[in-house]
Student: 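Handing you a structure now.
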Amino acid sequence: MSSDAAAPALSCPLPLAGSDRILLGHGSGGKMTAGLIARCFLPAFRNEYLEALDDQAVVAVDGARLAFTTDAYVVTPLFFPGGDIGTLAVNGTVNDLATAGARPLYLSAAFILEEGFALADLERIVASMQAAAAAAGVLVVTGDTKVVDRGKADGCFITTTGIGLVAHTQRISADRARPGDAVILSGPIGDHGMAIMAARADLELETTLASDTAALHRLVADVLATGAEIHCLRDPTRGGVATALNEIAQRSKAGIVLDEAAIAVREPVRGVCELLGLDPLYVANEGKLLAIVPAADAPRVQEAMRRHPEGCEARVVGEVVEDAAALVVLKTTVGGRRIVDMLQGEQLPRIC
């Protein structure tokens, strides 16, 4: 390389943890997000509901149990194979309610729009949201709209809040996993994250990748209807399966052992992950469910999942074990074992 050649732009995938500024990694859903929550938000707002660190809060109001959640969507590109920011906003909020075993009822939607954003694109997003809400059986009952200067919002950001009714009596939470429990995964992983990445990078693939975005509350309702004891439910979005299971292990003070051979990854997803040097365990999903249940209940939970298109490939992928270090360990297909840590830094920014 000649001395006057332009130097390549370099960036660190694992930013220094001691930064006094917000970094992309703080939005990853992994270790940096957990650190930010522990530093800024928990001390300020500490209460019994927030300390559960679930994807929603379950609160009692006049004898009724309600699940309450909120989420923001900043995905890029706004439109991608299998969905768009509108379908994500509805399905993602519905699924956060579903992981408490709630029946979603009502949503709010707040839009931050950039000056100059095409009205046709906004109408397309709103139509997608309406269709997703109708399919899920929820109503969008209130909202807000703000417009910011050009270059300040990347087109469109959406924040959704949801309320659902918890009709069962179980306590489903990340701190409920117990040694001997089975870990069930509803289907192949990595579809959403790799569909976004392929669209963002304009990759020319022989097979089309599509997001797995879907509402999972009816699948959860059928699981509850089996009468099985449900300890934990999670939709492994940001940070993927690895980060979701690490959160459960740490909250439950137990270890989790995964079987790599049992974790399904579609070949197109595996191929793009290998091309980009990514681990499917850390790639975001938007239509998959993790369930941790007593081993004796696993067969009927799996059977109930398999009656749904979203769970037709459900299988047991691991078990909860006694481990004071609360590690997630993967039994590899070649007979070894490796620790699967929580996501560090930001693997795929702006993924949901």
Student: Measuring only between side-chain heavy atoms, which start at C-beta, is L113 closer than 4.5 Å to T145?
Tutor: yes
Student: Rounded to the nearest 0.5 Å, how far apart are CG of D96 and CG of L216?
Tutor: 10.5 Å
Student: I'd like to know if the side chain of D54 reaches the main chain of A174, judged simply by a donor and an acceptor atom lying under 3.5 Å from each other, with no hydrogens or angles considered.
Tutor: yes
Student: Side chains of H231 and I172: closer than 4.5 Å at any heavy-atom pair?
Tutor: no
Student: Sort and list the pairs that fulfil salt bridge (charged side-chain N to carboxylate O under 4.0 Å, His left out) and have at least one residue in residues 101-121, not counting sequence neighbours.
Tutor: none
Student: With the side chain counted from C-beta on, respond yes when P188 and E313 share a heavy-atom pair under 4.5 Å apart, and no when they do not.
Tutor: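 Answer yes - side chains close enough.
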Student: Partners of F80 by ring pair (Phe, Tyr, Trp, His ring centres under 6.0 Å), sequence neighbours excluded?
Tutor: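 Here the qualifying residues are H192.
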Student: Would you confirm whether D71, through its side chain, and T69, through its main-chain N or O, come within 3.5 Å as a donor-acceptor pair?
Tutor: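 No; judged by distance alone, with no hydrogens or angles, the pair does not exist.
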Student: Is it the case that over 12 heavy atoms from other parts of the model lie below 6.0 angstrom from the CZ atom of R39?
Tutor: no
Student: Is a side-chain N or O of R176 found less than 3.5 angstrom from the main chain of S252, in a donor-acceptor match?
Tutor: no
Student: Taking distance alone, no hydrogens or angles, what donor-acceptor pairs closer than 3.5 Å link side-chain atoms of residues 159-167 to residues at least two apart or in another chain?
Tutor:
| from | atom 1 | to | atom 2 | distance (Å) |
| --- | --- | --- | --- | --- |
| T160 | OG1 | A89 | O | 3.1 |
| T160 | OG1 | T93 | OG1 | 2.6 |
| T161 | OG1 | T70 | OG1 | 2.8 |

Student: Please enumerate all residues that pass side chain to side chain contact (heavy atoms under 4.5 Å, CB included) together with D149, with sequence neighbours excluded.
Tutor: K152
Student: Do R266 and D191 come close enough that some side-chain heavy atom pair is under 4.5 Å?
Tutor: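 Contact flag for R266/D191 side chains = yes.
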Student: Does any donor atom in the side chain of T99 or Q56 lie under 3.5 Å from an acceptor atom in the other side chain?
Tutor: yes
Student: Only counting residues at least two apart or in another chain, list the ones meeting side chain to side chain contact (heavy atoms under 4.5 Å, CB included) with I37.
Tutor: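 In terms of side chain to side chain contact (heavy atoms under 4.5 Å, CB included), with neighbours along the sequence ignored, I37 is linked to T33, F41, L42, L53.
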Student: Contact between M129 and T87 at the side-chain level, heavy atoms closer than 4.5 Å - yes or no?
Tutor: no
Student: Indicate whether the side chain of H217 and that of N95 have a donor and an acceptor atom separated by less than 3.5 Å.
Tutor: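 Result is no, nothing qualifies.
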Student: Please round to the nearest 0.5 Å and tell me the distance separating atom CZ of R337 and atom CG of L330.
Tutor: 9.5 Å
Student: Keeping the roles fixed (side chain from Q302, backbone from V316), state whether a donor-acceptor pair exists under 3.5 Å.
Tutor: yes
Student: So, the side chain of R234 versus the backbone of I248: is there a donor-acceptor pair under 3.5 Å, distance only?
Tutor: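 Between the backbone of I248 and the side chain of R234 there is no qualifying donor-acceptor contact (under 3.5 Å).
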Student: Applying salt bridge (Lys or Arg N to Asp or Glu O under 4.0 Å), name anything that partners R338, two or more places apart in sequence or on another chain.
Tutor: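 Per chain and number, R338 pairs via salt bridge (Lys or Arg N to Asp or Glu O under 4.0 Å) with D279.
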Student: Counting N and O atoms only, with roles assigned by atom type, does the side chain of R306 sit under 3.5 Å from a partner on the main chain of A314, one being a donor and the other an acceptor?
Tutor: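 Yes: the side chain of R306 pairs with the backbone of A314.
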Student: Okay, side chain of D222, backbone of L219: is any donor-acceptor separation there less than 3.5 Å?
Tutor: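 Absent.
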Student: Going only through I, L, V, M, F, W and Y residues with side-chain contacts under 4.5 Å, is there a path from L78 to F111?
Tutor: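 L78 clusters together with F111.
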Student: Is a donor on one side and an acceptor on the other found under 3.5 Å between the side chain of T243 and the backbone of G240?
Tutor: no
Student: When you look at OH of Y106, are more than 12 heavy atoms from neighbouring residues, nucleotides or ligands closer to it than 6.0 Å?
Tutor: no
Student: Given 3.5 Å as the limit, does a donor-acceptor pair link the side chain of D259 with the main chain of V317, or not?
Tutor: no
Student: When you measure from the side chain of N285 to the backbone N and O of G190, does any donor-acceptor pair fall under 3.5 Å?
Tutor: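 Between the backbone of G190 and the side chain of N285 there is a qualifying donor-acceptor contact (under 3.5 Å).
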Student: How about V334 and E260: do any of their side-chain heavy atoms sit closer than 4.5 Å?
Tutor: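 Result no, sub-4.5 Å side-chain heavy-atom pair not found.
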